[in-house]
Each structure stands twice: as C-alpha cells, then as structure tokens.
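Sequence positions, counted from 1, serve as the residue numbers for this chain. The structure displayed is predicted, hence computed values, not measured ones. Note: hydrogens, waters and symmetry copies are ignored here, and every other heavy atom, side chains too, is used.
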Amino acid sequence: MASDSTTSGQRRRRPQLSEEVASILRHKIMTAGVLPGERIRIDETALELGVSVTPVREALLTLRGEGMVLLAPHRGYEVAQLTRTDVDDLFWLQGEAAARIARRTAAVVTPTQADELAWANAQFRSALRSGDRAALTAAEFEFHRTHNQISGNAKLAWILMSTTRYTPHELYASDPEWGAATAELHDELIAAYRAGDADAAAACIRREFTDGADRLIKHLAQTPIWREEP
C-alpha cells in the first residue's frame, strides 16, 4: 500500500511540476530571455531547472500546443516567433475580458465587497513598499481574484486567467513605476464601483492591461527579438 501511495503522489505532482516548468519557459519567451529560432534542449533545461527530463518534455508539449514553441525536424524544439501584433492582441483580449467582468461587477458589488478590494489593494501597496517581488505578484493576483469572484462570472474569469499565464509577472514586479501606476488604477477602479459607474470601471481596468502591453513592448523593443522587423 505504501508503494501505491507513493506512485499516486508522483502522478499528482508531475502535472504540477510540468506546469511550473512551462510557466518558467513562457516567461523566458515572453521577455526575450530566449529568442525566436533558438533551440530549447530538453536535457539542458532539465539540468538548469533541477528537474528530470519528463516534466520538461511535458511542458514543451504544452507550449507547442499554445504555439509558443515549434518542433523542427532534426532540431528538436525551438522558440516560435513573437511579434508586436501578438503582444497587442494578447493584451487586447485580456483587457476586453476584464472590462466585461468589470461591468458585471459594477452591477452587483456591495460596499463590503468594495472594502475587500480596498484591503487587497492596501496589501498590494504594502508589498510594493517592501520590495518583495513575490509578495507583490501574489498581492496583484489576489486583488484580481477577489475582483473576478465578485462578478460571479466564473467562466469568463477562467478564460481571463488562462490568458494571463502569458503575462510576465516577474518583469512587472521588478518595475516600481508599474507598481505605483497599478495601485492608482486599482484605487480608480474601486472609486468607480463605489459610484456605480460601470463605464468608468471598464475603462479603468482596460487601461491596466493597455499599460501592461506598453511596458512589455518597450522591454522587448530593447532586446534583439524584433531587430529584423522594419
């Protein structure tokens, strides 16, 4: 029975580990840590991350399904193209989904729930002041998780969450200007809810994603990723 339990535990942990590896590789691709056309070698990646080759292989299969990597004949996996249009489209989709959620939130949010959002933003500001990037990323996630739950739209929130996996959270967390701007946008969003202004809420949260796109494009433009584009 102990053997069965261990095997079962390994089966449960393996997808989690492969998702973690996929997340690390996504971040590298989205921030030009690896460039289009570069090979991602399974053995080297496993050694770098301190894992076996299995979760790396599974992660690359996931990323291939997402169009983030290609399987090239006789070369193995290599990074797919990532254009300015790709980045714009990705953040546009996130912004539109978030704006729709914001409109629905505006219709149902209570004063107590607005207070919960204000508390979550206070935690965000506290993490920003401390300089703890992991805490800042977690606080941003918690703010939006709370926000999306208020809307009661679980399916749209899931779609939004699935697209934000491409957001390079660590890049933003290392940018104090992003943190300050985001905290202000959160305040504006909460004020719009307290005023019952759905249009202002939708516009505000859409600006948060537009700002994210602008910052990522600015970062990528400073790397070699688009050097051959006109």
Side-chain angles (χ1 to χ4, degrees), residues 17-51 53 55-98 128 131 133-134 136-137 140-141 144 159-182 185 205-230:
L17 185 55
S18 68
E19 288 165 12
E20 183 178 346
V21 172
S23 179
I24 292 169
L25 293 176
R26 254 188 230 104
H27 178 84
K28 287 186 175 184
I29 293 169
M30 291 300 300
T31 59
V34 287
L35 297 172
E38 287 189 13
R39 294 178 65 184
I40 299 180
R41 294 176 171 83
I42 293 176
D43 290 348
E44 291 181 4
T45 302
L47 182 62
E48 177 188 349
L49 299 180
V51 300
V53 298
V56 176
R57 186 177 293 111
E58 291 173 349
L60 287 169
L61 286 172
T62 296
L63 294 177
R64 185 189 181 195
E66 297 172 6
M68 300 290 286
V69 300
L70 306 172
L71 184 57
H74 312 298
R75 282 181 54 83
Y77 289 98
E78 63 182 40
V79 180
Q81 290 295 319
L82 178 67
T83 67
R84 287 181 175 86
T85 300
D86 291 332
V87 176
D88 274 332
D89 287 348
L90 180 60
F91 280 86
W92 172 85
L93 179 61
Q94 293 175 3
E96 290 304 304
L128 180 61
R133 297 178 185 179
L136 186 62
T137 298
E140 170 71 350
F141 175 84
H144 284 280
I159 291 171
L160 176 58
M161 185 65 65
S162 69
T163 61
T164 57
R165 73 181 65 178
Y166 304 104
T167 302
H169 301 288
E170 293 176 15
L171 177 69
Y172 297 130
S174 66
D175 180 358
E177 291 184 0
W178 167 83
T182 298
L185 285 170
I205 204 164
R206 191 181 282 113
R207 288 205 313 275
E208 186 173 344
F209 287 93
T210 300
D211 178 71
D214 291 343
R215 291 178 190 275
L216 179 55
I217 288 173
K218 181 180 179 180
H219 165 80
L220 291 174
Q222 296 171 345
T223 75
I225 191 171
W226 296 324
R227 61 190 167 195
E228 295 182 1
E229 289 189 12

Taking all non-hydrogen atoms of both residues into account, name the closest pair between Ile225 and Pro36 and its distance.
CG1-CD, 3.7 Å

Donor-acceptor pairs are to be reported for all side-chain atoms of residues 90-97 against protein atoms at under 3.5 Å, with residues two or more places apart or in another chain.
{"from": "Gln94", "atom 1": "NE2", "to": "Thr163", "atom 2": "O", "distance (Å)": "2.9"}
{"from": "Gln94", "atom 1": "NE2", "to": "Thr167", "atom 2": "OG1", "distance (Å)": "3.4"}
{"from": "Glu96", "atom 1": "OE2", "to": "Arg206", "atom 2": "NE", "distance (Å)": "2.9"}

Once rounded to the nearest 0.5 Å, what's the spacing between atom CG of Leu71 and atom CG of Leu63?
12.5 Å

Contacts under 3.5 angstrom, residues 22-30 side chains, donor-acceptor by atom type, not counting sequence neighbours:
{"from": "Arg26", "atom 1": "NE", "to": "Glu66", "atom 2": "OE1", "distance (Å)": "3.0"}
{"from": "Arg26", "atom 1": "NH2", "to": "Glu66", "atom 2": "OE2", "distance (Å)": "2.9"}
{"from": "Lys28", "atom 1": "NZ", "to": "Glu48", "atom 2": "OE1", "distance (Å)": "3.4"}
{"from": "Lys28", "atom 1": "NZ", "to": "Glu48", "atom 2": "OE2", "distance (Å)": "2.6"}

What residues, two or more places apart in sequence or in another chain, satisfy side chain to side chain donor-acceptor pair (under 3.5 Å) together with Asp88?
none

Please find the pair of heavy atoms, one from Gly212 and one from Tyr172, that lie closest to each other, and give the distance.
O-OH, 2.7 Å

Report the residues that fulfil ring-ring contact (aromatic ring centres under 6.0 Å, His included) with His219, sequence neighbours left out, ordered by chain and then residue number.
none

Taking side chain to side chain donor-acceptor pair (under 3.5 Å) as the cut-off, I'd like each qualifying pair that reaches into residues 33-47, sequence neighbours left out, listed once.
none

Taking side chain as C-beta onward, heavy atoms only, is Tyr77 less than 4.5 Å from Met68?
no

Is any side-chain heavy atom of Glu177 closer than 4.5 Å to one of Arg215?
yes

Closer than 4.0 angstrom, basic N to acidic O: yes or no for Asp214 and Lys218?
no

Pairing residues for Tyr166 by the ring-ring contact (aromatic ring centres under 6.0 Å, His included) criterion, not counting sequence neighbours
none

Heavy atoms of Ile42 and Leu60 approach each other most closely as CG1-CD1, 3.6 Å

